[in-house]
Amino acid sequence: GLRGYEWLPKVQVNPNLLLRYDAKEDLTFSYNFDYYNEKINRFSPNVNLNPNSSTNTNNPTAQDNILTGNRFVHTLNVMGKINGSLNYNIVGSYQKQQNDIERFTTFINTGERENIEKEEYLSRQVFFTRATLSNLFKTNRFNLQLGYEMSLENGYGDNGAIGIIDEDEFVEGRVNNYD
């Protein structure tokens with residue numbers, strides 16, 4: 001009754017970096033880097049006593065795992081003005097995410113681990129870009145903005161690997177959005 005949690009303990013790290021350069025009054029460059037790391041310990045509430053009848057002792061074990069997630073996001077942005085009034089904004093970003101699971105048998109008395117298996121259960125990559133051009137025909141009653149947005153995402157996942165569903169259901173796919 002002392003193993004397992006209603007709320008899983010985890011450690012998260014989320015540093016970021018922003019660099020900005022004002023090239024001149026009407027031109028700005030910026031780069032943003034975000035990193036996210038998460039480590040979740042799942043200690044099974046089910047314990048196998050693992051009795052040894054010759055010594056009349058127990059060597060309890062449990063099937064535990066650690067979930068680790070990593071995500072990197074790189075974003076580049078250029079914005080400015082043309083002829084002092086026509087605004088432009090161009091953004092491009094690349095994101096990569098990977099989640100892993102490490103399964104093992106824990107000997108509870110000693111904390112030793114055996115039968116360690118590591119597996120990647122989720123991976124995705126996203127390329128995103130957007131550009132806008134505004135104040136094309138600006139008046140007191142009317143303003144026109146043109147632009148596009150595109151997102152290209154591909155990846156795969158295996159929900160069975162982390163016990164969300166009973167069967168291994170490996171799903172691989174691609175989602176593209178164009179606006």
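On a predicted model such as this, the values are computed, not experimentally measured, just so you know.
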Y94-F127 aromatic ring centre distance below 6.0 Å
no
Could you tell me whether the side chains of [X] and [Y] share a donor-acceptor contact shorter than 3.5 Å?
X: N16; Y: N32; result: no
X: N115; Y: E117; result: no
X: R103; Y: N65; result: no
X: N177; Y: D179; result: no
X: T55; Y: T57; result: yes
X: N50; Y: N59; result: no

Would you call K24 and D26 a salt bridge, using N to O less than 4.0 angstrom?
no
Applied to residues 139-157, the salt bridge (charged side-chain N to carboxylate O under 4.0 Å, His left out) test, sequence neighbours excluded, yields R124-E153, R130-E149
Hey, could you give me each pair passing salt bridge (charged side-chain N to carboxylate O under 4.0 Å, His left out) that has a residue in residues 57-74? Not counting sequence neighbours.
R3-D64
Do T110 side-chain atoms and E112 backbone N/O form a donor-acceptor pair below 3.5 Å?
yes
Quiz: residues 73-92 side-chain donor-acceptor pairs under 3.5 angstrom, not counting sequence neighbours:
residue : atom : partner : partner atom : Å
H74     : ND1  : Y31     : OH           : 2.6
N77     : ND2  : N89     : OD1          : 2.8
N77     : ND2  : I90     : O            : 3.2

For the residue pair [X] and [Y], what are the closest heavy atoms and their distance?
X: N135; Y: N143; answer: OD1-ND2, 2.9 Å
X: S30; Y: L18; answer: CB-CD1, 4.3 Å
X: S123; Y: K96; answer: OG-NZ, 3.9 Å
X: V126; Y: S151; answer: CG1-OG, 4.0 Å

